[in-house]
Novice: 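One structure, as structure tokens, below. Some questions next.
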2 protein chains.
Amino acid sequence: MNKPRYQRRKEDRPQEITAAAFEAFAENGYAKTRVEEVARRAGVSKGLLYLYFKTKEELFKAVIKSVVIRRVDALIDNVATTELSSEEFIRGPLLSFMKQVPGSPVAVVIRLLISEGPRHPDLVEFYYENVVARGLGAITRFVERGIERGEFRHSAISELPHLFLAPMMLSVIWRIIFTNRKLDTDKLMETQIDMLLTQLKT
Amino acid sequence: MNKPRYQRRKEDRPQEITAAAFEAFAENGYAKTRVEEVARRAGVSKGLLYLYFKTKEELFKAVIKSVVIRRVDALIDNVATTELSSEEFIRGPLLSFMKQVPGSPVAVVIRLLISEGPRHPDLVEFYYENVVARGLGAITRFVERGIERGEFRHSAISELPHLFLAPMMLSVIWRIIFTNRKLDTDKLMETQIDMLLTQLKT
DNA sequence: CTGGTTACTGACTCGCTGGTCAGTAAGTAT
DNA sequence: ATACTTACTGACCAGCGAGTCAGTAACCAG
């Protein structure tokens, strides 16, 4: 009749807490989220949370890292190993990847970085190295591969992989600010890819 | 010898306070900015600030509006009255306008909207109506004018004025997050405009 | 069963900050 | 001068939320 008030689950707690924190931060942002609220969502006491994370800020950093780490890896592996032609890859896996970003946890991370980034330089550095630099690098390498293979010609785009991502970023921001205003983000990205490929091929 | 401790300047105070608030919000964001700090920068007491603005939130809204109002108007007038050909206008005034945005107060407003927008729906609404809708509308009308004049052909771009602004948005976000990482934002926007014009003309 | 370890709880503290208001003095009318 | 209005000050308050810690009970070894 007396079920224990709690179980000791030292291994799982950190993961559960960061997951709860991610949800809370996604809904209310960092500043407006109370640590106690995170604890409640994770089904633990505030005291326990402070056993695993020294401060709210450390929790924040752990959340960002937990979301970011695995995301880009998949795409980068894909770039390295694909059998597809450059155009097929861009219209296929790359476009699909970009389309799902605005609705994914990555969008939340971007929002948090915009709000809190300026106060966490080391976190920004981490994000740049592990996500942005690697992502842009992958695109650049892919475009250059296309050129070597004779699929693409040389153009300014080789040095501006950002142009592939610009409509994706706009879509992310749009979704964050204008949640109820519709925007055909897929069409936006497709059209941009069309333009870039036209430019790269002719 | 006894200079007055303060002067009564009822007319100028609101403007001075919103200017001070803008600076403070720009540096630290909304949540981290103390009302007292705003008052200090404006050279007034906290009490006076609360005489002109009922709450911190109302002050915030006043700041956004004060920055936004006049900005877009100039561009829109320009669109309506220009004598330039469509291409000349796009490569000239429109491009110049976009290039200066990432370093302007508008970038700060965008950051604030991303952070605080979700908690201020009416402010977002205001911003959409007065800035985004009007800006996008102006670009759309301009593209259509080009088509009527036989300068441009029909294409998907007519319905996606956002593509003109996407690199600008990416530049804004980049500058906010990666303040020390360089990015040739001008080149980015120029190349996008080149691509769009190629698409519109051929 | 028993004693020891430690994951876990939750009530508490304390600094911080949004907001108030009684009082003060700058300007003004007479 | 004098009385009056009101822009302005700054000390104060209330409550909120990050971080603490003394105590509790789940689990385990012997």
Side-chain angles (χ1 to χ4, degrees), chain A residues 1-64 112 115-116 119-120 123, chain B residues 1-64 112 115-116 119-120 123:
Chain A
M1 199 67 260
N2 49 350
K3 65 182 168 206
R5 291 206 289 132
Y6 56 82
Q7 283 160 18
R8 309 174 130 209
R9 305 214 322 285
K10 185 181 169 140
E11 305 304 321
D12 303 334
R13 295 301 193 198
Q15 147 67 12
E16 289 172 15
I17 292 170
T18 52
F22 173 80
E23 275 181 40
F25 290 159
E27 281 176 33
N28 304 315
Y30 175 76
K32 281 272 178 205
T33 298
R34 295 192 300 285
V35 173
E36 195 155 17
E37 166 70 9
V38 172
R40 201 185 54 70
R41 288 188 195 232
V44 300
S45 68
K46 193 163 64 155
L48 184 64
L49 190 155
Y50 275 96
L51 211 69
Y52 291 107
F53 303 93
K54 277 209 222 325
T55 63
K56 187 185 181 187
E57 183 177 326
E58 195 186 282
L59 172 62
F60 177 64
K61 292 180 179 179
V63 168
I64 301 287
L112 292 171
S115 309
E116 302 298 326
R119 245 184 319 283
H120 303 279
L123 188 60
Chain B
M1 200 66 262
N2 49 350
K3 65 182 168 206
R5 289 207 290 129
Y6 56 83
Q7 283 160 19
R8 310 175 130 210
R9 303 213 324 284
K10 186 181 169 143
E11 305 304 321
D12 303 335
R13 295 300 193 198
Q15 148 66 14
E16 290 172 14
I17 292 169
T18 51
F22 173 81
E23 275 182 39
F25 291 160
E27 281 175 31
N28 304 314
Y30 175 76
K32 281 271 177 205
T33 299
R34 295 191 299 287
V35 173
E36 197 154 15
E37 165 70 9
V38 173
R40 200 186 55 70
R41 288 187 195 232
V44 300
S45 68
K46 194 164 61 152
L48 184 64
L49 190 154
Y50 274 96
L51 210 69
Y52 291 108
F53 304 93
K54 277 210 223 322
T55 64
K56 185 185 183 186
E57 183 177 326
E58 195 185 280
L59 172 63
F60 176 65
K61 291 181 179 178
V63 168
I64 301 287
L112 292 171
S115 310
E116 302 299 323
R119 246 184 319 283
H120 303 278
L123 188 61

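Here is how names work: the chains are called A, B, and so on, in the same order as the sequence lines, proteins then strands, and each is numbered from 1. Note that the structure is a prediction, hence the values are computed from the model and not measured.
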Novice: Under a 4.0 Å N-O cut-off, is there an ion pair linking A:E58 with A:K61?
Specialist: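 Between A:K61 and A:E58 there is no salt bridge, as every charged N stays at least 4.0 Å from the carboxylate O atoms.
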Novice: Whole-Å distance between D:dT20 P and A:L49 CG?
Specialist: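 About 12 Å, once rounded to whole Å.
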Novice: Which label fits B:F60 and B:H120: parallel for a plane angle under 30°, tilted from 30 to 60°, or perpendicular past 60°?
Specialist: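 Taking B:H120 first and then B:F60, their aromatic rings sit tilted (interplane angle of 30° to 60°).
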Novice: Report yes if a side-chain nitrogen or oxygen of A:Y52 is closer than 4.0 Å to either non-bridging phosphate oxygen (OP1 or OP2) of C:dC8; otherwise report no.
Specialist: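 Affirmative; the distance criterion is met.
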Novice: Using whole Å, report how far CG of A:L48 lies from C1' of D:dT20.
Specialist: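 Going from CG in A:L48 over to C1' in D:dT20 covers 14 Å.
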Novice: I want to check one thing: is the phosphate of C:dT9, taken as OP1 and OP2, less than 4.0 Å away from some side-chain N or O of A:R40?
Specialist: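 Result: no.
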Novice: When rounded to the nearest 0.5 angstrom, what distance separates OG1 in A:T18 from CZ in A:F22?
Specialist: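 Atom-to-atom, A:T18:OG1 and A:F22:CZ are 10.5 Å apart.
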Novice: Let me know the distance between NZ of A:K54 and C1' of D:dT20, rounded to the nearest Å.
Specialist: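 Distance check: A:K54 NZ to D:dT20 C1' gives 14 Å.
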Novice: Has B:K56 got a side-chain atom pairing as donor or acceptor with B:Y30's backbone, closer than 3.5 angstrom?
Specialist: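 Such a contact is found between B:K56 side chain and B:Y30 backbone.
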Novice: Atom CZ of B:F53 to atom C1' of C:dT20: distance rounded to whole Å?
Specialist: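 In whole Å, C:dT20 C1' lies 18 Å from B:F53 CZ.
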Novice: Kindly indicate whether the side chain of A:V44, heavy atoms from C-beta on, has any atom under 4.5 Å from the side chain of A:Y6.
Specialist: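 Sidechains of A:Y6 and A:V44: no contact.
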Novice: Does A:N28 offer a backbone N or O that forms a donor-acceptor pair with the side chain of B:R119 under 3.5 Å?
Specialist: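 Checking the backbone N and O of A:N28 against the side chain of B:R119, a donor-acceptor pair under 3.5 Å is found.
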Novice: Identify the pairs formed between an N or O of the protein and an N or O of nucleotides 27-30 of chain D at a distance under 3.5 Å, and give each distance.
Specialist:
none

Novice: Across nucleotides 12-17 of chain C, 5' to 3', mark each nucleotide with B, S or - according to how protein heavy atoms within less than 4.0 Å reach it.
Specialist: -----S
Novice: Contact list please: residues 9-28 of chain A against DNA chain D, heavy atoms, distance less than 4.0 Å, in numerical order.
Specialist: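 When residues 9-28 of chain A is checked for heavy atoms under 4.0 Å from DNA chain D, there are no hits whatsoever.
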